[in-house]
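What follows is a set of notes on a single structure, which appears directly below.
The analysis underlying the following values was restricted to heavy atoms, covering all of them including side chains, and did not include hydrogens, waters or symmetry mates. What you see is a predicted model, and the numbers here were worked out from it, not measured in a lab. One-based numbering along the sequence shown. Just so you know, ligand 1 is whichever comes first in the structure, and atom 1 is the first atom listed for that ligand.
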Amino acid sequence: MRIALVTGASRGIGAAIAAQLASDCKVLTPSRAELDLGSEQSLESYLAGLDQPIDILINDAGINRIAMLENIENKDLDDTLQINLLAPFRLIQFVAPQMKARNYGRIVNISSLLSVVSRAGRTSYSMSKTALNGMTRSLAVELAPYNILVNAVAPGYVMTDLTRQNNSATEIDKISQTIPIQRLAAPQEIASVVAFLCSEQNTYLTGQTIVVDGGYTCL
Ligand SMILES: NC(=O)c1ccc[n+]([C@@H]2O[C@H](COP(=O)([O-])OP(=O)(O)OC[C@H]3O[C@@H](n4cnc5c(N)ncnc54)[C@H](OP(=O)(O)O)[C@@H]3O)[C@@H](O)[C@H]2O)c1
């Protein structure tokens with residue numbers, strides 16, 4: 001049975017991904033107490049304790065602290081880049097040699113609609129997610145000869161705590177009207193795309209950022 005590691009699986013999109021993968025894989029879902037992506041020390045000690053090779057890695061955990069340019073605190077920018085970009089890089093760097101040795105791997109980085117378009121106050125977040133797309137492309141090229149496929153999924157607006165925290169109910173209603181499908185996504189609708197990308201059915205799709213946004217970016 002394949003072993004999957006999903007970060008950010010306590011809730012939201014990560015929880016939906018872990019639930020879908022659980023039908024075919026053994027899924028590791030470390031809590032933040034076990035793996036705090038904001039802490040190098042926590043990353044090192046979690047990885048040192050991993051005693052099974054990972055076949056599927058889903059970098060889902062992420063933060064989005066909103067601030068206009070003049071108000072962006074160094075700490076918030078550092079945390080955003082650390083959690084959304086550098087920790088996923090570190091996890092891939094750790095699992096890739098194991099995947100190479102077994103000639104199999106599926107990696108999905110959860111990016112965002114805001115890596116291809118943006119909004120005021122989202123500079124740190126957009127920086128981190130756009131870089132994540134670039135990392136996805138480069139690693140896809142490097143790891144393809146070892147049957148390791150690396151993709152990003154960029155969700156549009158999904159009904160999770162993160163969206164409720166950053167948008168009022170009125171804003172969510174307004175956003176819904178700007179989406180061709182006329183509603184936000186459910187976490188399961190993102191998870192099913194991720195599940196395909198890291199399934200045995202995906203044998204040729206790599207290096208892509210797949211935007212799952214109900215048609216938002218087509219307008
Ligand atoms: N919701 C959207 O509309 C949307 C749109 C585009 C992209 N995304 C992306 O999708 C991913 C999941 O978003 P979501 O909406 O499901 O978020 P969410 O409901 O806010 O959940 C965030 C998850 O990340 C974990 N996390 C945050 N900081 C962490 C840290 N320092 N160490 C370890 N885990 C940490 C949280 O753990 P705790 O439970 O311990 O806090 C939680 O499991 C993120 O990468 C986000 O940027 C979301």
Exercise for the section: Name the closest protein heavy atom to atom 6 (C) of ligand 1, giving the residue it belongs to and the distance to 0.1 Å. Expected result: Pro155 O, 3.2 Å

Exercise for the section: Go through the side-chain N and O atoms of Thr7 and Asp60 and say whether any donor and acceptor fall under 3.5 Å apart. Expected result: no

Problem - Non-hydrogen atom of Thr163 closer than 4.0 Å to ligand 1 - result: yes

Handout entry: contact_flag Ser111 ligand 1 heavy-atom lt 4.0 Å
Key = yes

Exercise for the section: Decide whether the shortest distance between a heavy atom of Gly156 and an atom of ligand 1 is less than 4.0 Å. Expected result: yes

Handout entry: Atoms in ligand 1 with a heavy atom of Gly38 nearer than 4.0 Å
Key = 31 (N)

Practice task
Would you verify whether the NZ or CZ of Arg2 falls within 45 degrees of the ring axis of Tyr104 while also being under 6.0 Å from that six-membered ring's centre?
Solution key: yes

Handout entry: Under 3.5 Å side-chain donor-acceptor pair for Thr80 and Asn84
Key = no

Completion exercise
the protein heavy atom lying closest to atom 16 (O) of ligand 1 turns out to be Ile13 N, 2.8 Å

Fill in the blank from the handout: ligand 1 to Ile83, heavy atom cutoff 4.0 Å, flagged ligand atoms 31 (N)

Fill in the blank from the handout: Of Glu34, Arg11, Gln82, the one whose closest heavy atom lies nearest atom 21 (O) of ligand 1 is Arg11

Problem - Side chain to side chain, Arg106 and Asp55, heavy atoms closer than 4.5 Å - result: no

Problem - For atom 1 (N) of ligand 1, the protein heavy atom that lies nearest, with its residue and separation - result: Thr160 OG1, 2.9 Å

Exercise for the section: Name the closest protein heavy atom to atom 10 (O) of ligand 1, giving the residue it belongs to and the distance to 0.1 Å. Expected result: Ile110 CG2, 3.3 Å

Practice task
Examine Leu37 against ligand 1 and note whether any of their N/O atoms are separated by less than 3.5 Å.
Solution key: yes

Practice task
Would you mind reporting whether Val27 and Ile17 have side-chain heavy atoms less than 4.5 Å apart?
Solution key: no

Practice task
Number the atoms of ligand 1 from 1 as they appear, then name those within less than 4.0 Å of a heavy atom of Ser112, with their elements.
Solution key: 6 (C), 7 (C)

Problem - Side-chain donor-acceptor pair present, Ser118, Ser126, cut-off under 3.5 Å - result: yes

Exercise for the section: With side-chain contact (heavy atoms from CB on, under 4.5 Å) as the test, would you mind laying out the steps for Leu149 and Leu197 before giving the verdict? Expected result: CA-CA 8 Å; Leu149 307 183; Leu197 289 172; over 6 Å; no

Practice task
Please name the residue in the list Thr209, Asn59, Asn109 that meets the side-chain hydrogen bond (donor to acceptor under 3.5 Å, both in side chains) test with Thr136.
Solution key: Asn109

Practice task
Give a yes/no verdict on whether any heavy atom in Lys129 is under 4.0 Å from an atom of ligand 1.
Solution key: yes

